[in-house]
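Beneath this line is the structure, given in structure tokens, with notes to follow.
Remember, predicted model here, so these are calculated numbers, not experimental data. Hydrogens, waters and symmetry mates play no part in the numbers below; they use all other heavy atoms, side chains included.
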Amino acid sequence: PLEMSAKKPVPFLRQVVPVRKKVQRDPRFDDLSGEYKPEIFMKTYSFLDSIKKQEKEMVQKQLKKCRNMEQKEKLQRLLNRMTQQEQAQKKQQKLRERELSLKRQRRELAKQGKKPFFLKKSEKRKLELAEKYAELKRSGKLESFLNKKRKRNAIKDKRHLPSQKNL
């Protein structure tokens, strides 16, 4: 019968129509979302860079106008974070470009019929360090960088030396 008997108590959780359970999926790990390619991602969302730049300028203007110390400190932290994100993005872009250039070189060698070579992690690190030094030399900050590095190494060395208490 379509109607239930009034004599029999109706169950508390009665399902008239079975409800389809929602399947939650994470687009980062799901095949339906496609494969992540950083180059395509950066091209697709490149318009965000201009928006971020405008926001940074707006924060700088607010920072100049601001009189409240708490608000000023908050804006300064925000500005620092924006700057750091920008620098990290540039660094990542440089790394990506370097990888692409190495890939192109390998392809050229393969076209010429030579065996492709793959750099070890240590060799990549050496190349990166050499590039960093060249950049510091160009900007004129090499001497200050080396001084900081010397001080840091001196502190590390002092830490490893036996102290007077142990003698």
Kindly indicate, with the supporting measurements, whether the criterion salt bridge (Lys or Arg N to Asp or Glu O under 4.0 Å) is fulfilled by K94 and E97. CA-CA 5 Å; K94 272 187 178 179; E97 285 174 6; over 6 Å; no
Quick one: do E128 and R125 satisfy side chain to side chain contact (heavy atoms under 4.5 Å, CB included)? Show the steps, please. CA-CA 5 Å; E128 195 174 308; R125 208 176 295 125; 5.5 Å; no
Stepwise side chain to side chain contact (heavy atoms under 4.5 Å, CB included) test for Q89 and M42: CA-CA 10 Å; Q89 193 175 4; M42 292 304 291; 3.2 Å; yes
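Of all heavy-atom pairs between K72 and C66, the closest is N-SG, 3.7 Å. Looking at every heavy atom in both residues, F117 comes nearest to R106 through O-NE, 3.2 Å. The two residues K56 and M82 come nearest to each other via the heavy atoms CA-SD, 3.9 Å.
Side-chain atoms of R150 and N147 include a donor-acceptor pair closer than 3.5 Å.
Within 6.0 Å of the CD atom in E70, the count of heavy atoms belonging to other residues, nucleotides or ligands does not exceed 12. A 6.0 Å sphere centred on OH of Y36 holds more than 12 heavy atoms belonging to other residues, nucleotides or ligands. For D30, the CG atom sits in a packed shell: over 12 heavy atoms of surrounding residues, nucleotides or ligands are nearer than 6.0 Å.
The shortest distance between side-chain heavy atoms of K90 and Q93 does not fall below 4.5 Å. Counting only heavy atoms from C-beta outward, the side chains of R28 and S33 never approach each other to under 4.5 Å. You'll find the side chain of L136 stays beyond 4.5 Å of the side chain of E143, heavy atoms only. Using a 4.5 Å heavy-atom threshold, the side chains of Y45 and I40 count as separate.
The distance from atom CD of Q62 to atom CG of L75, rounded to the nearest 0.5 Å, is 5.5 Å. Note that the CG atom of L161 and the NZ atom of K158 stand 9.0 Å from one another [nearest 0.5 Å]. Note that the NZ atom of K91 and the CZ atom of R96 stand 13.5 Å from one another [nearest 0.5 Å]. Between the NZ atom in K61 and the NZ atom in K65 there is a gap of 7.5 Å [rounded to 0.5 Å]. Rounding to the nearest 0.5 Å gives a distance of 9.0 Å between CD of E99 and CG of L119. Rounded to the nearest 0.5 angstrom, L127 CG and S122 OG are separated by 10.0 Å.
The hydrophobic clustering, which links ILVMFWY residues whose side-chain heavy atoms are closer than 4.5 Å, places L100 and F118 apart. M58 and L63 are assigned to two separate hydrophobic clusters, defined by single-linkage of ILVMFWY side chains at heavy-atom distances under 4.5 Å. One hydrophobic cluster, built from ILVMFWY side chains closer than 4.5 Å, cannot hold both F41 and L95; they sit in different ones.
The only member of R81, Q85, E86, Q87 that meets side-chain contact (heavy atoms from CB on, under 4.5 Å) when paired with T83 is Q87.
For E73, the side chain to side chain contact (heavy atoms under 4.5 Å, CB included) criterion is met by R77, not counting sequence neighbours.
Comment: E131 engages R98 in a salt bridge, judged by a side-chain N to carboxylate O separation of less than 4.0 angstrom.
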